[in-house]
Every structure is written in C-alpha cells, then in structure tokens.
Engineer: 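My structure is below; once you've seen it, I'll send some questions.
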Amino acid sequence: MTIHEMQERILQLKKEKDFCILAHSYVRREILEIADIVGDSFKLSRDVCSASQNNILFCGVHFMAETAKMLNMEKHVYLSHPLAGCPMAEQMDPEMLKFMREKEPDRAVVAYINTTAALKAYCDVCVTSSSAVEIVKKMDSDKILFIPDCNLGAYVKAQVPEKDIKLIQGGCPIHASVTAEEVKAAKESHPDALLLVHPECVPAVVEQADYVGSTSGIIAFAKKSDKKQFIIGTEMEIAETLQYECPDKEFFILSKKLICPNMKLTTLVDVYNTLVDPIKNGFEIEMTKEEAEKSRKCIDEMLRLG
Ligand code: 13P
Ligand code: SF4
C-alpha cells in the first residue's frame with residue numbers, strides 16, 4: 001500500500017469504526033493530513049469534548065491521551081503508540097508535590113498540562129503554553145508554585161511580576177537544549193527574519209525572540225505577519241507546516257535539535273493498525289472514575305479560566 005492508499009483506507013476506517021483522530025501539531029505530516037482535529041495542547045483538550053464519535057485515537061504523547069480520557073470517561077481513548085511519553089511529564093511524582101505542599105500550604109499549585117494524571121490530582125489548576133499567563137493573572141492566589149517547567153515558569157513570572165511565583169528545576173529536554181549561541185548564529189544567517197519561539201526554551205533564548213507563544217500562537221503569528229522570513233524555535237514540524245501553508249514566505253529552524261522523538265514515534269502504520277483492530281492492536285487508556293474525578297478538577301479549572 002502507498003502512503004496515499006493507506007491514508008484513504010484510514011479515512012474510511014475511522015468512519016466505519018466511529019473514531020475521531022486528534023493530532024498534536026508536532027506529529028508527522030502524513031498523520032496531520034488524516035486527523036479530524038489538529039492543534040496545540042489547549043485546543044486539543046478543549047475540542048476533544050465536542051467530538052461526537054464514541055472512540056478517540058490520540059496521536060501525540062501519553063499525558064495528552066490521559067487528559068482526553070479524563071474528560072471523556074464514557075468513550076474509548078487510545079494512544080497512537082504505547083511508548084510515546086513526554087519526559088517532562090514524568091519529572092515529578094505525587095509524593096514530591098505532596099511534600100512541597102505541606103511545606104508551603106498557602107501556595108496554589110499551577111501545573112503545566114505536561115504532567116501525569118496522578119500528579120494533576122494534587123494541583124489546583126492546569127495551564128498550557130497558550131493559556132499560562134492569562135490564567136496565572138486571573139487566579140485569586142498571589143502565591144504560586146509553578147510545576148514542572150522552570151522555563152515556561154520563568155516566562156510567566158516575567159509577564160506577571162506582581163505575583164510571587166516559585167519554580168522548580170524541570171522542563172522539556174528538546175526545547176531547553178537550544179542555546180543563545182544558536183540564536184546568534186541563526187540571526188547572522190537570516191538577518192531579516194523574525195525569531196518566533198516556544199516558552200519552553202531557556203530565558204536566554206526567549207529574551208531574544210520577536211514573538212513568544214504556543215505552537216498555535218507561532219503558526220497564527222507567522223501567517224498574519226507582513227514579514228517574509230522567520231526563524232522557528234519549536235519542534236521542526238511547525239516550520240514544515242508553515243512552509244506548506246505559506247509558500248510565499250520562508251521558514252528556518254532555529255536548531256537541528258528541535259525534533260521530539262516521542263512525537264515522531266507514531267507512524268501512519270500505527271494509526272492504520274489501531275483502526276483495523278483497536279482491541280488487539282490499540283493502546284487503550286484505562287482510568288477509574290475516582291482517578292478521573294480527582295485529576296480532571298484542575299483541567300476543568302483551566303477551561304473555566306482560560
Ligand atoms: P503546546 O502547548 O504549544 O501544544 O506545546 C506542547 C508541547 O509539548 C510543547 O513541547
Ligand atoms: Fe514533551 Fe518536549 Fe516533546 Fe513537548 S517537545 S512532548 S514537552 S519532550
């Protein structure tokens with residue numbers, strides 16, 4: 001079967017088997033093309049609730065499929081590849097957080113959505129990269145513990161200086177690997193380009209950007225801008241997507257390290273195999289009602305404030 005034939009078959013199978021396919025914008029292009037909903041973490045967790053299908057196939061990483069499950073307990077939710085996890089989501093465990101809460105009980109805990117469901121159960125509100133600043137501003141509490149990404153946390157802290165925000169050491173190994181030297185080199189190679197970066201990058205990179213935002217924010221900014229050249233400081237799929245969608249503009253990746261191996265694990269064949277036989281080939285997310293109720297409170301709070 002060619003890629004195109006497999007895509008056609010997937011489109012038929014998802015109708016026959018009542019599947020909605022969600023894909024994060026970092027997954028491979030051939031998967032983005034057959035998905036029903038594509039977007040950043042915020043859009044995906046908001047729009048998954050409006051899917052009418054009884055089955056959801058999440059092409060992305062584990063915490064995203066878990067979030068989809070806790071918001072849709074009556075549905076079957078599958079993750080596209082059993083090994084696709086986000087290393088940042090696993091950096092902190094509930095015992096560590098319980099200990100920190102006991103030490104400073106007056107601090108509200110804000111969790112980046114890149115956390116496990118077990119950890120979310122001990123947080124007050126979740127944020128995504130596109131909603132973090134707005135939500136932290138709107139919260140009643142002025143004392144905050146921001147987990148686990150200290151780079152996104154530092155960005156929020158700079159935008160909301162009136163609040164006391166405590167950070168911990170954690171973050172995305174992919175975005176955090178980009179250096180200020182790489183920014184200098186990219187700007188020297190493309191002096192007319194605007195630099196657009198994800199807030200998971202380190203402050204020395206973020207401070208030099210012309211725009212800082214989520215994956216959807218970066219895409220929207222580049223499409224709207226009158227400028228013709230852009231250096232993209234997030235996973236390289238975004239630069240590729242933009243290049244397809246804006247052929248009159250030029251997009252350069254900030255660093256060749258900006259490739260997320262977990263987001264790239266899922267292949268079109270994995271999607272096809274899950275749809276052919278979800279019971280035998282699929283990786284279904286299991287969660288008890290009690291677990292879901294505890295963990296989803298901070299997602300509900302995010303959707304209420306965001
Ligand atoms: P977004 O919130 O921009 O989708 O980012 C998710 C993510 O995993 C970034 O590395
Ligand atoms: Fe996790 Fe970073 Fe990959 Fe996003 S890019 S899924 S934060 S490892």
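Both ligands and their constituent atoms are indexed starting at 1 by order of listing.
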Engineer: Which atoms of ligand 1 sit under 4.0 Å from any heavy atom of Ser214?
Structural biologist: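 Close to Ser214: 3 (O).
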Engineer: Give the atoms of ligand 1, by number and element, whose distance to some non-hydrogen atom of His24 is under 4.0 Å.
Structural biologist: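 Reading through ligand 1 atom by atom, the close ones are 1 (P), 4 (O), 5 (O), 6 (C).
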Engineer: Which heavy atom of the protein is the closest neighbour of atom 4 (Fe) of ligand 2, given with residue, atom name and distance?
Structural biologist: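 Sorting protein heavy atoms by distance from atom 4 (Fe) of ligand 2 puts Tyr26 CE1, 4.0 Å first.
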Engineer: Report, in ascending order of atom number, the atoms of ligand 1 lying under 4.0 Å from any heavy atom of Ser129.
Structural biologist: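 Answer, ordered by atom number: 1 (P), 2 (O), 3 (O).
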Engineer: Quick check on contacts: which atoms of ligand 1 are under 4.0 angstrom from a heavy atom of Ser41?
Structural biologist: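 Close to Ser41: 1 (P), 2 (O), 4 (O), 5 (O), 6 (C).
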Engineer: Hey, could you give me the CE/CE distance between Met236 and Met263, rounded to the nearest 0.5 Å?
Structural biologist: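 Going from the CE atom of Met236 to the CE atom of Met263 covers 14.5 Å.
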Engineer: If we only count N/O pairs under 3.5 Å, is Ser130 in contact with ligand 1?
Structural biologist: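 Among all N and O atoms of Ser130, none is under 3.5 Å from an N or O of ligand 1.
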Engineer: More than 12 heavy atoms of other residues, nucleotides or ligands under 6.0 Å from NZ of Lys294: yes or no?
Structural biologist: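 Incorrect, the count does not exceed 12.
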Engineer: Any donor-acceptor pair under 3.5 Å linking the side-chain atoms of Ser80 with those of Thr266?
Structural biologist: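 A pair is found: one side chain offers a donor N or O, the other an acceptor, under 3.5 Å apart.
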Engineer: For ligand 1, which is the ligand I care about here, please tell me if Asp40 has any N or O atom under 3.5 Å from one of the ligand's N or O atoms.
Structural biologist: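 No, Asp40 has no N/O under 3.5 Å of an N/O on ligand 1.
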Engineer: Please name the residue in the list Lys143, Arg107, Arg101 that meets the salt bridge (charged side-chain N to carboxylate O under 4.0 Å, His left out) test with Asp124.
Structural biologist: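 Output: one option passes, namely Arg101.
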Engineer: Report whether Tyr211 and Phe230 are members of the same hydrophobic cluster (ILVMFWY, side-chain heavy atoms less than 4.5 Å apart, transitive linking).
Structural biologist: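 Yes; tracing contacts between hydrophobic side chains, which count when under 4.5 Å, links both residues.
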Engineer: Heavy-atom contact check, 4.0 Å cutoff: does Tyr26 meet ligand 1?
Structural biologist: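 It does, in that a heavy atom of Tyr26 comes within the 4.0 Å cut-off of ligand 1.
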Engineer: Can you list the other members of the hydrophobic cluster that holds Ile147, where links are side-chain heavy atoms under 4.5 angstrom apart?
Structural biologist: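 Cluster partners of Ile147: Met92, Met96, Leu97, Met100, Val109, Leu119, Tyr122, Leu145, Ile168.
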Engineer: Enumerate the atoms of ligand 1 whose separation from the nearest heavy atom of His175 is less than 4.0 angstrom.
Structural biologist: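 Close to His175: 10 (O).
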Engineer: With a 4.0 Å cut-off on heavy atoms, is His198 touching ligand 1?
Structural biologist: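 Contact check His198 vs ligand 1: positive.
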Engineer: Could you give me a count of protein N/O/S atoms that are under 2.8 Å from atom 2 (Fe) of ligand 2?
Structural biologist: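 Protein heteroatoms (N, O, S) closer than 2.8 Å to atom 2 (Fe) of ligand 2 number 1.
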Engineer: For Glu235, state whether at least one heavy atom is located under 4.0 Å from any atom of ligand 1.
Structural biologist: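 No, that is not the case, since the closest heavy atom of the residue is not under 4.0 Å from the ligand.
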Engineer: Quick check on contacts: which atoms of ligand 1 are under 4.0 angstrom from a heavy atom of Glu200?
Structural biologist: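 Selected atoms, number and element: 7 (C), 9 (C), 10 (O).
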